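For reference, the structure discussed in these notes is given below.
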Amino acid sequence: MKKLNSPKELYEFRERLKDTTFKPDALRARVCCGTACTATGAHKVIDAFKKEAADSGVEVEIVRTGCQGICQKGPVLKVEPMNIFYQRTRPENVSSIMSYSMLGNMPYRQGLYRDGILSEPIPVMTDIPFYKKQIRIALRNNGVIDPCNINHYLAVGGYAALEKALALMTPDLVLQEVDRANLRGRGGAGFPAGKKWAHTKSAPGDIKFVIANGDEGDPGAFMDRSIMEGDPHSLLEGMALCAYAIGAQYGFIYVRHEYPLAVQNLRIAIKQAEELGLLGKNILGTDFSFTVDIREGAGAFVCGESTALVASIEGERGFPRPRPPRLSQPGGGPWGYPSNLNNIETYACVPVIVEKGSDYFTSIGTKTSPGTKVFALTGKVKNTGLVEVPMGMTLREIIFDIGGGMLGDKKFKAVQTGGPSGGCIPAEHLDLPIDFDSLASVGSMMGSGGMVVMDEDTCMVDVAKFFLSFTQSESCGKCPPCRIGTYQMLQILDRITSGRGEQGDIRRLVELGQYIQKASLCGLGQSAPNPVLSTIKYFREEYEEHVYEKYCRAKACTGMGAFVIDQAACIRCGLCKEACAFNAVTETRKRYIIDRNACTQCMACYNACPINAVMIKKQRHVILEEEFKVPTETIELIDRRARMVLRDILKKKPDELTTVTRDQTADAAVRLMAEKNISDVIVVDEEGKIAGIFTERDVVRYVHKNVDLKAEPIGNLMTTKIITFEPSTEINAAIQVVSKEKIRHLPIVEKGRLIGMVTYRDLVAHVLPEIIYMAEAIY
């Protein structure tokens with residue numbers, strides 16, 4: 001390649017490439033060669049295209065693209081100029097695609113995308129629900145270009161931002177543009193990139209580094225991997241713009257060794273950019289020089305933490321280091337040089353911001369979290385893959401509109417965001433907008449972008465154990481809170497999920513988790529307990545069932561429940577008896593029976609039964625069935641009704657809350673209660689927080705004492721002894737408290753905010769029908 005010596009030469013070269021590359025009337029197949037599609041035979045499809053083209057004498061351009069997103073349907077490809085999208089393409093389908101689409105200009109229906117077996121096929125990619133709501137910035141070139149061909153990147157506008165910066169902008173203007181865009185770090189912390197760049201720029205010294213964090217060790221995450229594999233030049237251009245803005249000369253891309261394709265494509269991209277004069281000394285004939293090197297990590301999860309990553313770059317073991325100094329300060333970066341570190345996706349967004357302006361970027365997403373975010377959508381969802389959506393899109397839209405809903409149309413239970421250090425978000429927050437602040441408000445985090453969907457058959461205690469076991473095994477061991485604390489938490493979870501849970505285990509998990517969060521050295525240790533704490537917060541009932549009733553509702557944990565055989569469903573195949581190693585299944589003339597005294601709850605019979613006649617029930621449910629002959633369905637319904645919470649009452653009450661200030665007269669509160677036909681008003685202070693409560697009983701008491709209600713401020717008469725309740729408090733627990741404390745009004749507070757008021761009469765009215773129902777059902 002001829003080296004380009006000025007921004008003008010780059011512009012002219014790009015314009016020539018636009019005319020000669022990707023001609024609009026050429027027959028072309030853009031075949032996804034991302035990791036998932038490669039594993040399912042993408043290269044065999046390419047070979048079939050080459051053979052078919054040679055046999056038919058038709059010239060077909062094959063473009064090996066990066067990940068096109070919908071990994072569940074791979075190998076996928078797009079045929080041009082008809083713009084027909086094909087899924088699950090096999091080599092034997094290629095001849096039909098050639099005949100129908102490339103020669104006949106019509107779709108091959110059997111290879112098109114369908115929502116269901118009876119639905120009409122969709123030929124155009126942008127009409128497919130998976131792609132319809134996506135906006136691609138970081139992934140703008142994935143699925144379009146060959147990542148190993150720099151001419152492709154240039155032909156679609158690549159390095160235009162670098163050209164603009166070197167020709168028309170000073171380093172300060174580039175930094176200001178990124179700062180105005182409020183580009184927040186896509187690696188998880190969400191710190192504004194512009195602020196970080198400015199801090200590094202202000203550090204003393206002539207030598208500075210730009211570091212790209214491509215470690216990405218989260219289970220089920222492959223966002224950065226797909227950018228490095230499918231569009232490495234966007235990363236290099238973003239790093240070069242950062243280097244230009246902060247005055248850096250050297251760059252490192254830190255990639256884990258398990259990403260061989262990413263390393264290979266990055267090396268090719270660096271070599272091609274150096275040959276064209278887009279990297280190296282005197283880029284495009286200017287005084288700006290920037291060289292990039294790759295550092296491969298050994299795969300330690302902790303090396304995703306910035307200071308541990310720096311230690312690994314230096315050739316040391318990946319141990320986190322205390323801060324300050326930060327990486328952007330002298331002594332913080334590799335070998336003590338000030339450095340700027342962002343993840344891959346953050347750098348990939350920078351060229352778009354510089355080329356199109358910050359206003360374009362901030363027009364997408366939310367005010368505090370502008371732009372888009374790439375997510376790796378995995379788990380119990382129909383369409384898994386890589387999605388890029390504007391910030392502010394709800395979880396429901398991502399999972400059900402883009403992801404196609406739950407596998408087997410089962411009930412959604414939770415979604416885990418932020419990787420193993422994130423939290424599990426329940427169904428009640430499905431309409432939560434996805435941005436940095438909203439996720440933090442519900443106890444989760446953005447993380448690098450992993451999103452694992454779970455259905456009704458998922459045991460949340462087992463999920464928490466899985467993620468904690470990962471973070472515990474990946475702990476570097478440097479600080480005792482993380483090394484010892486996560487091990488102790490894992491021991492407790494092992495005990496709970498094997499049927500040996502003890503009273504106080506849940507409390508100990510919470511205490512240990514909070515201690516680890518406060519005392520761990522690095523961010524990974526501080527966030528390690530998040531999956532456990534979030535599942536306890538939202539799914540505490542499952543923990544209590546595991547500990548106190550030795551029962552797993554998802555049937556995922558061994559050593560749990562009472563095993564019985566549904567005699568009406570049993571076909572007497574005998575597989576349960578054959579599977580049992582402890583002779584707990586006995587055979588009579590008419591049926592098979594499980595001896596629960598001999599049963600070890602190993603689940604062998606449950607897994608062996610071909611028609612699900614072996615059932616796992618709660619021990620007390622089995623006793624009730626046998627004692628009172630009550631059907632299982634009735635007992636479960638009674639059980640659910642008995643565990644209602646205060647939020648259930650609030651849903652049936654008016655949303656309006658009546659409040660007064662402490663300086664108002666008591667007479668005003670009395671008139672308010674009379675007008676609204678209520679028995680109490682809440683007294684709030686200057687900050688809007690609960691200061692007290694004034695009830696009809698207080699009115700009677702003070703009238704009896706001849707207190708002048710028209711003159712006396714309510715602050716002098718209100719009741720200040722207030723007990724507040726969480727909306728998740730069970731009704732039976734609330735009744736015990738109000739009976740003991742002799743109170744009649746229960747303010748319901750969530751996250752420090754008053755959301756409703758429940759009275760003792762509400763509790764009785766809500767529970768009395770359940771008591772009658774239970775009595776009728778049992779007797």
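Every value quoted in this text rests on a predicted model; they were computed, and no experiment measured them. Index from 1, following the sequence.
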Within a strict 4.5 Å, meaning less than it, do heavy atoms of the [X] and [Y] side chains meet?
X: Tyr113; Y: Met125; answer: no
X: Leu183; Y: Ile353; answer: yes
X: Ser328; Y: Asn340; answer: no
X: Glu229; Y: Pro147; answer: no
X: Arg180; Y: Glu177; answer: yes
X: Met228; Y: Ile344; answer: yes
X: Leu10; Y: Leu166; answer: no
X: Met223; Y: Val387; answer: no

Taking all heavy atoms of [X] and all of [Y], pick out the closest pair and write down the distance.
X: Pro75; Y: Cys37; answer: CA-SG, 3.7 Å
X: Pro204; Y: Pro338; answer: O-CG, 3.8 Å
X: Ser421; Y: Leu524; answer: OG-O, 4.2 Å
X: Tyr244; Y: Met169; answer: OH-O, 2.7 Å
X: Leu276; Y: Leu154; answer: CD1-CD1, 3.8 Å
X: Asp215; Y: Ala300; answer: OD2-O, 3.5 Å

Just say parallel, tilted or perpendicular for the rings of Tyr159 and Tyr153, cut-offs at 30° and 60°.
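Rings of Tyr159 and Tyr153: perpendicular, over 60°.
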Verify, without hydrogens or angle tests, whether [X] (side chain) and [Y] (backbone) share a donor-acceptor contact under 3.5 angstrom.
X: Glu388; Y: Ile137; value: yes
X: Glu345; Y: Val374; value: yes
X: Ser339; Y: Tyr337; value: yes
X: Ser441; Y: Ser438; value: yes
X: Tyr347; Y: Ile211; value: yes
X: Asn343; Y: Thr346; value: yes
X: Thr286; Y: Asn282; value: no
X: Glu216; Y: Arg225; value: yes
X: Gln68; Y: Arg30; value: yes
X: Lys196; Y: Leu341; value: yes

Lys/Arg-Asp/Glu bridge criterion (N-O < 4.0 Å) met for [X], [Y]:
X: Glu15; Y: Lys18; value: yes
X: Arg321; Y: Glu314; value: yes
X: Lys201; Y: Asp172; value: yes
X: Asp437; Y: Arg184; value: yes
X: Arg14; Y: Glu163; value: yes
X: Lys164; Y: Glu355; value: no

Tell me, which pairs form a salt bridge (charged side-chain N to carboxylate O under 4.0 Å, His left out) where one or both residues lie in residues 138-148, sequence neighbours left out?
none
Trace of the side-chain contact (heavy atoms from CB on, under 4.5 Å) decision for Lys133 with Val389:
CA-CA 7 Å; Lys133 291 191 174 183; Val389 297; 5.8 Å; no
Walk me through whether Asp224 and Tyr259 qualify under side-chain contact (heavy atoms from CB on, under 4.5 Å).
CA-CA 10 Å; Asp224 293 344; Tyr259 286 1; 5.7 Å; no
Donor + acceptor pair across side chains of Ser520, Gln526 (<3.5 Å)
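Gln526 and Ser520 do not have a side-chain donor-acceptor pair below 3.5 Å.
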Enter the distance from [X]:[atom1] to [Y]:[atom2] here, rounded to the nearest 0.5 Å.
X: Ser306; Y: Asn213; atom1: OG; atom2: CG; result: 8.5 Å
X: Ile70; Y: Leu386; atom1: CD1; atom2: CG; result: 11.5 Å
X: Leu377; Y: Asn383; atom1: CG; atom2: CG; result: 8.5 Å
X: Thr40; Y: Lys73; atom1: OG1; atom2: NZ; result: 12.5 Å
X: His233; Y: Asn265; atom1: NE2; atom2: CG; result: 9.0 Å
X: Ile62; Y: Arg28; atom1: CD1; atom2: CZ; result: 10.5 Å

Please identify each residue that fulfils side chain to side chain contact (heavy atoms under 4.5 Å, CB included) with [X], with sequence neighbours left out.
X: Asn530; answer: Met445, Gln517, Ser527
X: Ala308; answer: Val302, Glu305, Pro320
X: Arg16; answer: Glu12, Phe13
X: Thr417; answer: Val415, Ile425, Leu439, Ser444, Met451

Name all residues meeting the side-chain hydrogen bond (donor to acceptor under 3.5 Å, both in side chains) criterion together with Asp127; count only those two or more places apart in sequence or in a different chain, and write none if there are none.
none
Which is it for Thr384 and Gln72 under the side-chain hydrogen bond (donor to acceptor under 3.5 Å, both in side chains) test, yes or no, and what are the steps along the way?
CA-CA 5 Å; Thr384 60; Gln72 183 81 13; 2.7 Å; yes
Under the ring-ring contact (aromatic ring centres under 6.0 Å, His included) criterion, do Phe209 and Phe252 qualify, and how do the steps go?
CA-CA 7 Å; Phe209 291 130; Phe252 290 107; 5.4 Å; yes
Output, in order, the C-alpha distance, side-chain angles, deciding distance and verdict of side-chain contact (heavy atoms from CB on, under 4.5 Å) for Leu327 and Thr307.
CA-CA 7 Å; Leu327 266 67; Thr307 59; 4.0 Å; yes
Could you walk me through whether Asn342 and Trp197 satisfy the side-chain hydrogen bond (donor to acceptor under 3.5 Å, both in side chains) test, starting with their C-alpha distance in whole Å, then the side-chain angles of each, then the deciding distance to 0.1 Å, before giving a yes or no?
CA-CA 10 Å; Asn342 289 114; Trp197 290 17; 3.1 Å; yes
Quick one: do Phe436 and Arg186 satisfy side-chain contact (heavy atoms from CB on, under 4.5 Å)? Show the steps, please.
CA-CA 10 Å; Phe436 292 97; Arg186 271 30 180 181; 4.1 Å; yes
Counting only heavy atoms not in Asp19, do more than 12 fall under 6.0 Å of its CG?
yes
Above 12 or not: heavy atoms from other molecules or residues under 6.0 Å from CZ of Phe288?
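It does: Phe288 CZ has more than 12 such atoms within range.
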